[in-house]
There are 2 protein chains.
Amino acid sequence: MSDSGKEITIYDIAEKLKVSAATVSRALKDHPRVNKNTKKKIIKAAEEMGYRSNSFASNLRRKNSNIIGVIVPRLNSSFMSDVIAGIEKVVNDNNYNLIISQSLETMKKEISNARAMLNNRVDGLLVSLAYDTTSIEHFEPFIKRNIPVLFFDRIFEHEQYPQIYIDNFKAAYEVTKHLLEQGCKRIVHITGNQLRNVYAERLRGYKKALEEHQIDFDGQLVIINDLSAKEAAVAAETILQMDPLPDGIFTVNDVSAVSCIQVLKKAGIKIPEQIAVAGFNNDPAACVIEPNLTTVNYKGYEMGEVAANMLINHLANRQDLQQTHSLILRSELIVRESSKRK
Amino acid sequence: MSDSGKEITIYDIAEKLKVSAATVSRALKDHPRVNKNTKKKIIKAAEEMGYRSNSFASNLRRKNSNIIGVIVPRLNSSFMSDVIAGIEKVVNDNNYNLIISQSLETMKKEISNARAMLNNRVDGLLVSLAYDTTSIEHFEPFIKRNIPVLFFDRIFEHEQYPQIYIDNFKAAYEVTKHLLEQGCKRIVHITGNQLRNVYAERLRGYKKALEEHQIDFDGQLVIINDLSAKEAAVAAETILQMDPLPDGIFTVNDVSAVSCIQVLKKAGIKIPEQIAVAGFNNDPAACVIEPNLTTVNYKGYEMGEVAANMLINHLANRQDLQQTHSLILRSELIVRESSKRK
DNA sequence: TAAATTTATGCAATCGATTGCATAAATTTT
DNA sequence: AAAATTTATGCAATCGATTGCATAAATTTA
């Protein structure tokens, strides 16, 4: 009680109860080949003595860790924190533990995070790629060791890696189509690094919709930045200088859309009458900005749950990951005031 | 390469290089008592053979894990995801790993999370308490084992546990004082479980400001709920029924304030003319809602960094946690349109 | 009651890295 | 050249839980 140095082990319990450590070990994990009374006594003693199993010893011996690793670009975005919350829920319910690290959008850090995950012998890895990741070599050691790596949202098309995402092409197509149907002719598209599937696909969808409406694609109308509020404000200033002014804006995240709307409104532009705006993600702010933001709903929490479930089912041999190589989640266009022109 | 079953160990390297495992172990951690050339050879071989250190074996032997545990109520709030991001940054920079779990606001889950953290032999624990946690017995095993537990934000006043928070009393006092100075006489206070210091202290601050302005405290004006947007909307409806209508609202989080404003605006109430509103946290939405929300800025990212730094410095014996038992971070009132009546 | 079966327990090796102590080899000092 | 010192390496125990195999004890079957 007063002492802090001594950790209770199964040997201590064994000694006290005059049984072997093997029996203690079995009793504590409810092995059938242990007498009920013995079991009861052991569990009681363990409780009383304040025994806590040492996962290192256990993991070392069993050669698995019950740890799921997660590498994401950033933890503090509305979407990503929802994803993480969903993952944590599932992981915890299944008696796994969660190790989390963020790449801060750089490949360099992503690589070092991956190394750490390997050292920690994660049983499986969930990854959403950094902004500038150009290759996924750093995940090969996992494959080599048969440790499943699952990409979500920001994926990398590759046979070996199962993936979960939404149909970004279709979602962006629908957003753009909607804007066109509202009468927009010149739609600015604000997007991110085209290395990332999510942004490349959305640009494809944007183009496709234009094409179908016989509108020529104009590269001048595509703005690529880091998708921060700050850069979006800069983009909005650029937009204000355009002549003629565009009549629609489609940004690939809500943070940018909100930031744009604020700048445009301040400049006296009427949304949606002069410029209709649509975002992506359905962040909480989408329902706060005035006019409320048209966006794509795309629930992070669910994506997290699904990703974690897939991984854990696979680890428990309940499901083969190769069978379901790609899982595409539902997303939906939510039309709000920022784009409704009637 | 084709095989996945064999993990390289220091013994494999030792055998290949005809040295002992001890030498390999020392070489890999750059122990001075190893010949430079030997060291170089070993490191090279390790690299080539794809050696990855097994942290379980290492942790088991060294009796520390280099893991920091975090238990928070929820991961997906703007504030908490900022905190976690700050923690992750510091933890990662110091070559520690991060295990995260969420109590989902229940003491029951918090207890089970704490047990898991103990099994995982975290070197230190960062905790923000659940909504309904009434005792902190479940953290005693850590203290007994000399594992530092540090509370942040939602703390529990106790000698053994260092804590980091903001001066909630003062912040709330200032918010309330500001509202009073804008001419408010009847200020509704929407808050959470009074078990939690953050909410109890803010209520104290609210009362103090009233007292100083010779306004009697009216229990009818204090609404306690779970601080969700939904409950805030319900609260707003209640407020609309009040007769006379209050002329100010001070909520302990921005989510509630924003939700209230939306309901009140829809009911035709003019903000801030009829009812001035102030929140707490400075969520992104605070600058999006119209009118912009007066609130308390209180940066999560910084709190996360500071908490993690304190813990790690203590673990590295660079700092004694008992010395700095309480650390109070700066917060500031940000006055915006939602409360400015001139 | 002996034989066969079932149930309960223990032995001892194993997982992979670390480290105190001993010793061998190389270098310096006398 | 012998003695003393420094440098480099190895031996072997250790961390704590797990588990295949063996064996003892209890129970059932013949």
Side-chain angles (χ1 to χ4, degrees), chain A residues 5-43 45-46 49-67 95 97 116 118-123 145, chain B residues 5-43 45-46 49-67 95 97 116 118-123 145:
Chain A
K6 50 187 65 152
E7 199 62 52
I8 304 295
T9 71
I10 52 170
Y11 297 99
D12 300 321
I13 301 178
E15 195 178 14
K16 177 160 177 189
L17 263 42
K18 304 295 176 214
V19 294
S20 74
T23 301
V24 175
S25 173
R26 293 194 182 101
L28 290 174
K29 55 189 302 245
D30 207 22
H31 189 288
R33 269 295 153 82
V34 177
N35 182 282
K36 268 187 207 161
N37 290 326
T38 319
K39 213 177 266 182
K40 224 175 277 178
K41 262 191 289 184
I42 290 174
I43 290 171
M49 299 168 76
Y51 169 79
R52 303 276 58 219
S53 161
N54 184 321
S55 3
F56 300 137
S58 171
N59 292 342
L60 175 59
R61 178 60 222 247
R62 289 182 308 117
K63 285 172 171 291
N64 75 356
S65 64
N66 265 52
I67 295 176
N95 285 313
N97 289 102
L118 206 52
N119 281 3
N120 279 298
R121 296 294 194 275
V122 294
D123 285 346
R145 288 166 171 80
Chain B
K6 49 188 66 151
E7 197 62 52
I8 305 295
T9 70
I10 53 171
Y11 297 100
D12 300 321
I13 301 177
E15 195 179 14
K16 178 161 178 186
L17 264 42
K18 304 292 176 216
V19 294
S20 75
T23 302
V24 176
S25 173
R26 293 194 182 100
L28 290 174
K29 55 188 303 240
D30 207 24
H31 190 288
R33 270 294 154 85
V34 178
N35 182 283
K36 266 189 208 162
N37 289 326
T38 319
K39 214 177 267 184
K40 223 177 276 178
K41 263 191 289 183
I42 289 174
I43 290 170
M49 299 169 75
Y51 168 80
R52 303 276 58 219
S53 161
N54 184 322
S55 358
F56 300 138
S58 171
N59 291 343
L60 176 60
R61 178 62 221 246
R62 290 182 305 116
K63 284 170 171 294
N64 74 357
S65 63
N66 265 50
I67 295 176
N95 285 314
N97 288 101
L118 206 53
N119 281 3
N120 279 298
R121 295 294 193 276
V122 294
D123 285 346
R145 288 166 171 80

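So you know, we letter chains A, B, ... as the sequences are listed, proteins then strands, and number each from 1.
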Could you check how far [atom1] of [X] sits from [atom2] of [N], rounded to whole Å?
X: B/H31; N: D/dG10; atom1: NE2; atom2: P; result: 14 Å
X: B/R33; N: D/dT5; atom1: CZ; atom2: C1'; result: 11 Å
X: B/D30; N: C/dT18; atom1: CG; atom2: C1'; result: 16 Å
X: A/M49; N: D/dG16; atom1: CE; atom2: P; result: 13 Å
X: A/K63; N: C/dG16; atom1: NZ; atom2: P; result: 3 Å
X: A/L17; N: C/dG10; atom1: CG; atom2: C1'; result: 15 Å
X: B/N59; N: D/dA17; atom1: CG; atom2: C1'; result: 15 Å
X: B/N54; N: C/dT18; atom1: CG; atom2: P; result: 10 Å

Phosphate contact ([N] OP1 or OP2) by [X] side-chain N/O below 4.0 Å:
X: B/S20; N: D/dC11; result: no
X: B/K29; N: C/dT19; result: yes
X: A/N35; N: C/dA8; result: yes
X: B/T38; N: D/dT9; result: yes

Considering every strand and a 4.0 Å limit on heavy-atom distances, what is the contact class for [X]: base, sugar-phosphate, or nothing?
X: B/Y11; answer: base
X: A/S58; answer: sugar-phosphate
X: B/K18; answer: sugar-phosphate
X: B/V19; answer: sugar-phosphate
X: B/S25; answer: base

Between the main-chain N or O of [Y] and the side-chain N or O of [X], is there a donor-acceptor pair closer than 3.5 Å?
X: A/R62; Y: A/A57; answer: no
X: A/N35; Y: A/N37; answer: yes
X: A/N66; Y: A/N95; answer: yes
X: A/R52; Y: A/T9; answer: no

Of B/R61 and A/R26, whose nearest nucleotide on DNA chain D comes first from the 5' end?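 The residue mapped nearer the 5' terminus is B/R61.
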Drop me the distance from A/K39's NZ to A/D30's CG, to the nearest 0.5 angstrom. 4.0 Å
Both atom distances under 3.5 Å, Watson-Crick or G-U wobble: I'd like the secondary structure of DNA chain C as a dot-bracket string, with | for pairs made across strands. ||||||||||||||||||||||||||||||
Kindly indicate, with the supporting measurements, whether the criterion side-chain hydrogen bond (donor to acceptor under 3.5 Å, both in side chains) is fulfilled by A/N119 and B/S55. CA-CA 6 Å; A/N119 281 3; B/S55 358; 5.8 Å; no
Pair B/N59-B/S65, side-chain donor/acceptor within less than 3.5 Å: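 Result is no, nothing qualifies.
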Any side-chain heavy-atom pair from A/N54 and B/L60 closer than 4.5 angstrom?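 Touching, per the 4.5 Å side-chain cut-off.
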